[in-house]
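For this chain, numbers begin at 1 and follow the sequence in order.
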Amino acid sequence: MRFDGQYMDLFDYMRENNMKKDSPLASRMRPATLDEVAGQQHIIGRGRLLYRAIEADRLSSVIFYGPPGTGKTTLAKVIANTTSAEFCQINATSSGKKDMEEAVAAAKERMAAGRRTILFVDEIHRFNKGQQDYLLPFVEDGTIILIGATTENPYFEVNGALISRSVIFELKPLEKDDIAGIIKKAVYDPEKGMGSYNAVIDEDAVDFLADMANGDARQALNAVELGVMSTKRSGDGKIHITLDVASECIQKRVIKYDKSGDNHYDVISAFIKSMRGSDPDAALYYLARMLYAGEDPKFIARRIMICASEDVGNADPQALTVAVSASLAAERVGMPEAQIILAHACTYVAQAPKSNSASRGIFKAMEYVQNNPAYGVPAYLKDSHYKGAAKLGRGLEYKYAHDYPGHYVKQRYLPEEIDGVSFYASSGMGYERVLDGHMERLKENAEG
């Protein structure tokens with residue numbers, strides 16, 4: 001029998017074919033070329049540095065850094081398929097110095113014969129400092145081109161000397177649409193996927209798995225494989241991967257939470273009202289509901305920041321600082337640890353003294369501006385930082401607050417037509433009492 005230009009007997013063919021079928025779906029679905037890779041267009045889009053280097057087979061030492069299932073090993077395999085160099089792979093969790101010595105010795109022989117060697121070290125952060133140091137001179141003199149893959153920040157876990165000789169590419173969690181495409185290909189592709197099983201997958205099951213995979217393609221593929229292999233055929237002879245099957249296979253219970261429907265708005269509304277109502281337990285419950293259902297942590301963080309200003313305001317100005325810091329930290333850290341940061345912020349906001357004076361003030365001012373003329377700004381408040389401003393009367397008789405006791409002076413700031421109109425009214429809650437007392441003292445002792 002002849003396959004791909006080579007002869008093999010029937011037993012060789014059966015053995016190879018069975019080996020492919022028996023390998024995990026996630027392994028079989030690995031792309032063979034750059035154009036098959038899902039996502040990561042910020043580093044492998046056409047014209048990008050990495051794309052050009054792989055396409056031209058002129059790769060230098062690189063480190064791929066990113067969460068599990070984002071394609072670090074996949075990119076290494078693509079390079080292995082496209083390079084003219086010898087491609088060798090070791091895993092830092094199971095390899096020692098002897099394995100590295102053997103790989104380097106073989107690379108030296110190839111180098112003497114004019115052939116390059118690419119050494120892929122998976123989970124390179126698992127190597128200790130001594131093991132990483134061993135590779136350094138061989139990376140430096142070109143004996144090996146190093147490809148390191150790590151889920152940990154390389155600036156903390158990889159020797160600085162190796163980093164300085166490598167280009168670091170950060171891989172991001174795959175987008176939901178990327179995962180959905182991979183899932184469908186896995187179900188229906190008869191070559192690499194499970195198309196020969198005559199399985200079908202419902203759209204809501206695809207949507208659910210793509211959501212729950214949280215950017216990890218491997219997790220989604222494992223769920224697809226388990227679903228196809230463990231689900232009985234229906235009367236129509238097909239294996240139906242429904243939402244219930246998908247939920248069971250990814251070991252996540254489906255909860256009623258449609259991110260584009262009423263339930264989404266009901267839960268986020270209850271979350272905000274629980275913080276406003278000073279109930280940290282309820283706030284945590286609705287936070288957990290949203291996180292479990294796969295809600296975007298950035299969306300949740302935005303709602304906490306809004307609540308910190310709208311419902312806490314000057315009663316505790318620190319609440320907004322906590323909320324903003326939590327938003328930045330959650331984005332940098334990512335899930336699952338981000339859930340702790342969001343819990344920190346929402347419980348602080350829930351327990352903080354409440355005041356809606358700031359939000360009521362701006363709403364009142366916006367309504368007034370909408371329904372009344374735009375009265376002129378007092379001349380002494382107008383900009384006077386240009387030639388000829390004084391001739392126009394700009395800035396004249398302006399009282400500079402810092403020149404007066406207490407850094408305050410009586411002066412009209414509103415337009416004359418609305419002098420005395422009030423928009424802000426303190427609630428007297430929390431830190432607002434301190435601000436109220438400060439304002440009273442200023443006005444009692446003010447000049448002007």
Taking all heavy atoms of M335 and all of P297, pick out the closest pair and write down the distance.
-> CG-CG, 3.7 Å
Between CD1 of I118 and CG of L59, what distance do you get to the nearest 0.5 Å?
-> 5.5 Å
For N159, does its backbone N or O pair with a side-chain atom of Q132 as donor and acceptor, under 3.5 Å?
-> yes
Verify, without hydrogens or angle tests, whether S166 (side chain) and I168 (backbone) share a donor-acceptor contact under 3.5 angstrom.
-> no
Please name the residue in the list L136, L146, L135 that meets the side-chain contact (heavy atoms from CB on, under 4.5 Å) test with R165.
-> L136
Taking everything shown except Y155 itself, do over 12 heavy atoms lie less than 6.0 Å from its OH?
-> no
Please name the pair of heavy atoms, one in G71 and one in L171, separated by the smallest distance, quoted to 0.1 Å.
-> C-CD2, 3.6 Å
Kindly indicate, with the supporting measurements, whether the criterion salt bridge (Lys or Arg N to Asp or Glu O under 4.0 Å) is fulfilled by E203 and K184.
-> CA-CA 9 Å; E203 280 298 323; K184 290 178 181 178; 3.2 Å; yes
Without swapping roles, check the side chain of S234 against the backbone of D236 for a donor-acceptor pair under 3.5 Å.
-> no
Can you find a heavy atom in the side chain of T242 that is under 4.5 Å from one in the side chain of D204?
-> no
Drop me the distance from Y292's OH to L287's CG, to the nearest 0.5 angstrom.
-> 15.0 Å
State whether the side chain of S357 and the backbone N or O of A425 hold a donor-acceptor pair below 3.5 Å, judged by distance alone.
-> yes
Any sub-3.5 Å donor-acceptor pair from H42's side-chain atoms to E170's backbone N or O?
-> yes
Any donor-acceptor N/O pair, R52 side chain to G47 backbone, under 3.5 Å | yes
Can you find a heavy atom in the side chain of C346 that is under 4.5 Å from one in the side chain of F271?
-> yes
Test item: R233 and K238 side chains (from C-beta on) under 4.5 Å apart, heavy atoms = no
Can you tell me if K72 uses its side chain to pair, donor with acceptor, with the backbone of G66 under 3.5 Å?
-> yes
Heavy-atom side-chain proximity of T70 to F64 below 4.5 angstrom = no
Does E225 reach the side chain of L221, with side-chain heavy atoms less than 4.5 Å apart?
-> no
Evaluate side-chain contact (heavy atoms from CB on, under 4.5 Å) for E101 paired with Y134, printing each intermediate quantity in order.
-> CA-CA 9 Å; E101 289 173 342; Y134 174 78; 3.2 Å; yes
Would T82 and T33 count as a side-chain contact (heavy atoms from CB on, under 4.5 Å) if you check the C-alpha gap in whole Å, the side-chain angles of each, and the deciding distance to 0.1 Å?
-> CA-CA 8 Å; T82 57; T33 66; 5.7 Å; no
For the pair K298 and D296, find out whether any cationic side-chain nitrogen is under 4.0 Å from an anionic carboxylate oxygen.
-> yes
Taking 4.0 angstrom as the limit, do K185 and E191 come out as a salt bridge?
-> no
Rounded to the nearest 0.5 Å, what's the gap from NZ on K192 to CZ on R28? Could you check?
-> 11.0 Å
Heavy atoms from other residues, nucleotides or ligands near CZ of R360 exceed 12 (cutoff 6.0 Å) = no
Considering all heavy atoms, the nearest I179-A213 contact = CG2-CB, 4.1 Å
Using a 3.5 Å cut-off and no angle test, enumerate the donor-acceptor pairs between side-chain atoms of residues 315-329 and protein atoms at least two apart in sequence or in another chain.
{"unit_1": "D316", "atom_1": "OD1", "unit_2": "Q318", "atom_2": "N", "d": "3.1"}
{"unit_1": "D316", "atom_1": "OD2", "unit_2": "Y348", "atom_2": "OH", "d": "2.8"}
{"unit_1": "S325", "atom_1": "OG", "unit_2": "T321", "atom_2": "O", "d": "2.9"}

For atom CZ of R110, is the number of surrounding heavy atoms from other residues, nucleotides or ligands below 6.0 Å larger than 12?
-> yes
Hey, are the side chains of M229 and M194 touching, using non-hydrogen atoms and a 4.5 Å cut-off?
-> yes
Residues N314 and Y431: closest non-hydrogen pair is O-CB, 3.3 Å
Look up atom CD1 in I268 and atom CZ in R289, then write down how far apart they are to the nearest 0.5 Å.
-> 11.5 Å
Output for pair (D311 CG, I272 CD1), nearest 0.5 Å, gives 8.5 Å
Enclosure of R116 CZ (heavy-atom neighbours >12, cutoff 6.0 Å) = yes
Please confirm whether the backbone N or O of I79 pairs with a side-chain atom of T83, one donor and one acceptor, at under 3.5 Å?
-> no
side-chain contact (heavy atoms from CB on, under 4.5 Å) test vs L342 passes for just one of L284, I304, T347, namely I304
Would you call D207-K176 a salt bridge at under 4.0 Å N-O?
-> yes
Y188 atom OH: more than 12 heavy-atom contacts under 6.0 Å = yes
Could you pull out the closest heavy-atom pair between G96 and Q131, with the gap in Å?
-> CA-NE2, 4.0 Å
Taking it one step at a time, do M275 and E310 satisfy side-chain contact (heavy atoms from CB on, under 4.5 Å)?
-> CA-CA 11 Å; M275 288 189 291; E310 181 179 0; over 6 Å; no
The side-chain contact (heavy atoms from CB on, under 4.5 Å) partner of F120 among L75, I145, T73, I90 is T73
Can you check whether S426's main-chain N or O pairs, donor with acceptor, with E432's side chain at less than 3.5 Å?
-> no
Would you confirm whether R276, through its side chain, and C307, through its main-chain N or O, come within 3.5 Å as a donor-acceptor pair?
-> no
Going by distance alone, is a donor N or O of one side chain under 3.5 Å from an acceptor N or O of the other, for T143 and D141?
-> yes
Looking only at heavy atoms, what is the nearest atom pair of S230 and L226, with distance?
-> OG-O, 2.5 Å
In terms of the angle between their ring planes, are H402 and H407 parallel, tilted or perpendicular, with boundaries placed at 30° and 60°?
-> perpendicular
Atom CD of E175 with >12 non-hydrogen neighbours under 6.0 angstrom = no
For the residue pair N222 and L25, establish whether any side-chain heavy-atom pair is separated by less than 4.5 Å.
-> no
Any chance OH of Y413 has more than 12 other-residue heavy atoms, nucleotides or ligands included, within less than 6.0 Å?
-> yes
Pair V167-L50, side-chain contact (heavy atoms from CB on, under 4.5 Å): steps then yes or no | CA-CA 10 Å; V167 180; L50 185 58; over 6 Å; no
Within-4.5 Å side-chain heavy-atom neighbours: P67 and D216 | no
What pairs with K98 under side-chain contact (heavy atoms from CB on, under 4.5 Å), at least two apart in sequence or on another chain?
-> E102
Please check if atom CD in E36 has more than 12 non-hydrogen atoms from other residues, nucleotides or ligands closer than 6.0 Å.
-> yes
